[in-house]
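Each remark here refers to the structure printed beneath this line.
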Amino acid sequence: MRLVGLDISTKTGWSLTESGDADEPALLEFGLLRVEVDGFNVNDHPEKSRKYPKNIFDAANKMAGLIKELVEKLKPDHIVIENTVKAKNRATQRILEFIHKAVLDWLIPSAIPYTYMDPSEWRSILDIRLSKDQKKNNRLVSQGKKRGRIGRKHLSIAEINKVYGLKLLLKDNDAADSLNLNRAMHRRIRGENGKSQ
């Protein structure tokens with residue numbers, strides 16, 4: 001089964017894998033789609049801009065178009081999309097939801113099977129969590145005794161680098177998340193972890 005994973009935002013990480021009998025799906029390709037939001041500065045009350053909300057509407061539709069082109073090119077059997085979670089900023093939350101709506105506007109009528117998966121679910125399926133040493137490191141960072149907090153993005157990238165022998169950096173976290181989405185969906189389809197499709 002050809003799976004496309006999507007970590008959707010203004011910087012959408014995507015990946016294409018192919019599932020077979022192996023424990024891990026084969027990595028075929030991955031990348032990043034980007035759109036700029038005209039006049040959008042998250043730190044400067046973007047909702048007060050004269051361009052708002054048309055600027056996020058236009059950016060959402062542009063990203064949906066890029067994703068549609070990608071999907072038509074890759075011809076997946078199934079798409080797995082990371083579900084949105086509550087953002088720290090309402091403006092970034094709004095643009096995420098606009099993009100997801102724009103994607104669903106063409107995806108639902110296309111009849112391509114798709115699944116939404118929460119970040120907590122794919123991390124649980126793949127058992128991606130902080131080790132005792134990493135938790136200790138973060139406690140020391142919180143106490144001001146050390147620098148270098150280890151977060152979820154670090155864990156996602158480390159996992160993908162280990163599994164596929166890549167050298168992704170922190171800036172590649174969207175692509176890493178899309179690959180981990182595919183890996184979790186692969187396991188779910190195979191019935192591992194007591195999950196079913």
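In the hydrophobic clustering of this structure, L6 groups with I112; members are Ile, Leu, Val, Met, Phe, Trp, Tyr whose side-chain heavy atoms approach within less than 4.5 Å, directly or through other members. Clustering ILVMFWY residues whenever any of their side-chain heavy atoms sit less than 4.5 angstrom apart, transitively, puts V4 in a cluster other than the one holding L27. Hydrophobic clustering, with ILVMFWY side chains joined whenever heavy atoms are under 4.5 angstrom apart, groups W14 together with I99.
Taking a cutoff of 4.0 Å between a charged side-chain nitrogen and a carboxylate oxygen, E159 and R123 do not qualify as a salt bridge. The residues K62 and D58 are annotated as not salt-bridged, no charged nitrogen and carboxylate oxygen being separated by less than 4.0 angstrom. Between K135 and D133, none of the side-chain N atoms (NZ, or NE/NH1/NH2) sits under 4.0 Å from a carboxylate O, so this pair counts as no salt bridge.
Within the 4.5 Å cutoff, the side chain of D23 has heavy atoms near those of the R190 side chain. The shortest distance between side-chain heavy atoms of K101 and F57 does not fall below 4.5 Å. No side-chain heavy atom of Y164 sits under 4.5 Å from any side-chain heavy atom of S15. The side-chain heavy atoms of T92 and L96, taken from C-beta on, include no pair separated by under 4.5 Å. With a 4.5 Å cut-off on side-chain heavy atoms, R183 and E24 count as touching. You'll find the side chain of I79 stays beyond 4.5 Å of the side chain of T115, heavy atoms only. Proximity of L107 to I81: side-chain heavy atoms (C-beta onward) are separated by under 4.5 Å at one or more points.
Put simply, the side chain of H186 never gets that close to the backbone of L3: no donor and acceptor are under 3.5 Å apart. Panel note: side chain D118, backbone S120; no donor-acceptor pair is recorded below 3.5 Å. The backbone N or O of D174 sits nowhere less than 3.5 Å from a side-chain atom of D177 that would complete a donor-acceptor pair. Between the side chain of S124 and the backbone N or O of E121 there is no donor-acceptor pair closer than 3.5 Å. The backbone N or O of S131 lies less than 3.5 Å from a partner atom in the side chain of Q134, making a donor-acceptor pair.
Note that CD1 of I189 and CG of N182 are 9.0 Å apart. Values are rounded to the nearest 0.5 Å.
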Tabulate below the donor-acceptor pairs under 3.5 Å that side-chain atoms of residues 28-39 make, not counting sequence neighbours, or state none.
| from | atom 1 | to | atom 2 | distance (Å) |
| --- | --- | --- | --- | --- |
| D38 | OD1 | K51 | NZ | 3.2 |
| D38 | OD2 | K51 | NZ | 3.1 |

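Across L155 and R129, no two heavy atoms sit closer than the pair CD1-C, 3.7 Å. Minimum heavy-atom separation, R2 to K75: NE-O, 3.5 Å. The shortest non-hydrogen separation linking L126 to N180 is CD1-O, 3.3 Å. The shortest heavy-atom contact between A102 and N61 is CB-OD1, 3.6 Å. The two residues M117 and L181 have their closest heavy-atom pair at CB-CD2, 4.0 Å. Residues P25 and S19 come closest through the heavy atom pair CB-OG, 4.1 Å.
Screening residues 83-119 for ring-ring contact (aromatic ring centres under 6.0 Å, His included), with sequence neighbours left out, gives H100-Y116.
Using modelled atom types and a 3.5 Å distance limit, the side chains of K146 and N137 yield a donor-acceptor pair. For S178 and D7, the side-chain atoms include no donor-acceptor pair closer than 3.5 Å. For the residue pair R94 / Y52, a side-chain donor-acceptor distance below 3.5 Å is found, with atom types taken as modelled.
Not a single salt bridge (Lys or Arg N to Asp or Glu O under 4.0 Å) links K171 to another residue, sequence neighbours left out.
At most 12 heavy atoms of other shown residues, nucleotides or ligands fall within 6.0 angstrom of atom CZ in R90.
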